[in-house]
Every structure is written in structure tokens, then in C-alpha cells.
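I have placed the structure first, in the form of C-alpha cells, so that the comments after it can refer back to it.
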Amino acid sequence: MAMFSAEELANYSPTDREFVAQREAEEVQAIAAHEAGHAIVGLAAGYGVTHATTESAYPHARFQFEADTAFAPTVAHRLIMLLAGPMAEAVARRRFRRPSREEVAAILDRVREHGAGRCDDCQIAHVLLDIAPLADDAARETAWLLFYDTTYRLLDRLDVRIALGRVAAALEERVLLSGEEVEALVDVSALRAAVEATFAEMQGAVGA
């Protein structure tokens, strides 16, 4: 995930090369936190993690719904899984900022007009527009911000931060983790209990 090639860096001073190396390390940490957030909350939400990777061309965590699980994910679980990635990254970058209602409305309008892409905001908008039984955009905006706050509280729990840190550190080191490797790093039952304890009161917001 190098920002500059070795040939380009050769033209920089030692101080500048050190700065670039620090920035690259910070970028890797932020992306690892993003994918770790998706992975651990996805596991806790009842999704099976196929793999998670920070590979520079397309960092992602891939899931499959495990139909035989006794812990079936709801719309609410899907929302916090989608939110957990960008929010974990924002905390890692020390750039956490709650979106305004106007910003949420603009994303909803964009996805309604152009369709949902692969970005997390696009997928959240898709869930609220096409899946969640909400009456209007005012209700969708309220649900988005409600689950944003809920996901933040979840990620702020000490047990969840520890699990997030373990998976993020492994992703920084190995780049690619299988679902089995992710599960081996965390206590899935404890994470599921943390999710339910954190947002049980919020599930009714999307009719889940």
C-alpha cells in the first residue's frame, strides 16, 4: 500500500521519507480498523465472515448469511455491520464526526437517483430505502443517525475495542485473514451479547 515508489522516495530527504513512512503506516492502520470493524460486527450480527483483507486494490470484508445459525441477522444488525467499518476507521484516523441530517438526506437522494454502489454509505442508504419498512425520508434520516450513535456506543465498549484491535493488528501484519482466522481472534458469543446489550432498544426503529 505504498504511496510512492522506491525510485520516487530516493529523491526525497530522510525527513520527508520518514514522514511518508509514517503516513503509510497510519493509512494501513485506518484501513485495517475499517475492515476489522465490519468483520467483528458482522460476526456478532450472525453473518459468516468469508475473509477480510486490506489488499490495496480493494480492501473489504466479505460475508455470507449462515442460514442454519440460531442467531439470524435483522435489518438492524445489517445496519450496524455496515456502519461499523467507516466508524472504526474514523476513530483510528481521529476524525470522528457525526453526520448531519442534511448530509444523510443528500446520500439518500443520490442513491435514489443513481442507485447503490459498493461504498458503505451507498449500502446503508439502500437498506433504508429498499429494505427497511420506513414511511419517509424523515424516518430514514432518524434511523440512520440513531444507528450511527448506537454503533459508536458499541465500538466504544472495552471488550469490543479489544476484539477490534486484535483483528486490525492481524490484518496489518497478514493483509488477508480467512473467516476462521478472524473467529479465532475473538469471542463471538461475547460480541453477540455486546451487540444485543448495546442496541436492543433501537431495533424497533427499522421494524426489525
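None of the values given here were measured: they were computed from a predicted structure.
Using a 4.5 Å heavy-atom threshold, the side chains of E183 and V49 count as separate. The closest side-chain heavy-atom distance from E196 to R192 is not below 4.5 Å. Contact check for V111 versus L129: side-chain heavy atoms found under the 4.5 Å cut-off. Two residues are said to be in side-chain contact when any heavy atoms from C-beta on lie closer than 4.5 Å; R118 and Q123 fail this criterion. Side-chain contact check for D120 versus L83: every heavy-atom pair is 4.5 Å or farther apart. The shortest distance between side-chain heavy atoms of H38 and P86 falls below 4.5 Å.
Here the CD1-CG distance, from I40 to L185, works out to 10.5 Å after rounding to the nearest 0.5 Å. We find the OH-NE2 distance between Y47 and H77 to be 9.0 Å, quoted to the nearest 0.5 Å. Distance CE/M87 to CG/L82: 12.5 Å, rounded to 0.5 Å. Here F147 contributes atom CZ and M81 contributes atom CE; the two are 13.5 Å apart, rounded to the nearest 0.5 Å. One distance of note links CG of L108 with CD of E113; it measures 13.0 Å at 0.5 Å rounding. From D149, atom CG reaches atom CG of L145 across 7.0 Å, with rounding to the nearest 0.5 Å.
Under a hydrophobic-cluster definition in which Ile, Leu, Val, Met, Phe, Trp and Tyr are linked whenever side-chain heavy atoms come within less than 4.5 Å, directly or via other members, L164 and L176 are assigned to different clusters. Following chains of ILVMFWY side-chain contacts shorter than 4.5 Å, one can reach V188 starting from V160, so the two form part of one hydrophobic cluster. Both I131 and I124 are members of a single hydrophobic cluster when ILVMFWY side chains are connected at heavy-atom separations under 4.5 Å.
Taking the charged nitrogens against the carboxylate oxygens, R97 and E103 do have a contact shorter than 4.0 Å, which makes a salt bridge. Salt-bridge annotation for R93 and E27: present, with a side-chain N of the basic residue lying under 4.0 Å from a carboxylate O of the acidic one. Under 4.0 Å is where a charged nitrogen must lie from a carboxylate oxygen, and between D156 and R153 no such pair does. A salt bridge links D137 to R112: at least one charged side-chain nitrogen sits closer than 4.0 Å to a carboxylate oxygen.
Applying the ring-ring contact (aromatic ring centres under 6.0 Å, His included) rule to pairs touching residues 90-145 yields F96-Y148, F96-Y152, sequence neighbours excluded. Identified under the disulfide bond (SG atoms under 2.5 Å apart) test for residues 98-172, with sequence neighbours left out: C119-C122.
Between A30 and A92, the shortest heavy-atom distance links the atoms CA-CB, 4.1 Å. Nearest heavy-atom pair across A84 and L155 is O-CD1, 3.9 Å. Heavy-atom minimum distance, L171 versus A52: CD2-O, 3.5 Å. For the pair D159 and A194, the tightest heavy-atom approach, listed with the atom from each and the gap, is OD2-CB, 4.0 Å. Residue P59 comes nearest to I31 through the heavy atom pair CB-CG2, 3.7 Å, listed as atom of the first residue, atom of the second, then distance. Heavy-atom minimum distance, A88 versus A33: CB-O, 3.3 Å.
With sequence neighbours excluded, the residues that form a ring pair (Phe, Tyr, Trp, His ring centres under 6.0 Å) with H51 are H60.
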> T53 and L177: side-chain contact (heavy atoms from CB on, under 4.5 Å), yes or no, with the steps?
Replying inline: CA-CA 6 Å; T53 180; L177 295 176; over 6 Å; no
>> Using the rule given for side-chain contact (heavy atoms from CB on, under 4.5 Å), can you reason through T142 versus R101, listing the C-alpha separation, both sets of side-chain angles and the distance that settles it, and then say yes or no?
In response: CA-CA 8 Å; T142 297; R101 184 174 286 269; 3.0 Å; yes
> side-chain contact (heavy atoms from CB on, under 4.5 Å) between R157 and L154: does it pass, once the steps are laid out?
Replying inline: CA-CA 6 Å; R157 289 176 57 106; L154 173 65; 4.3 Å; yes
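Side-chain contact of R174 with T54: a donor-acceptor pair under 3.5 Å is absent, judged by distance alone.
Side chain of E35 to main chain of A61: a donor-acceptor pair is present (N/O by atom type, distance under 3.5 Å, no hydrogens or angles). A donor-acceptor contact shorter than 3.5 Å links the side chain of E181 to the backbone of S178. Although no hydrogens or angles enter the test, the distance criterion places a donor-acceptor pair under 3.5 Å between the side chain of R140 and the main chain of L128.
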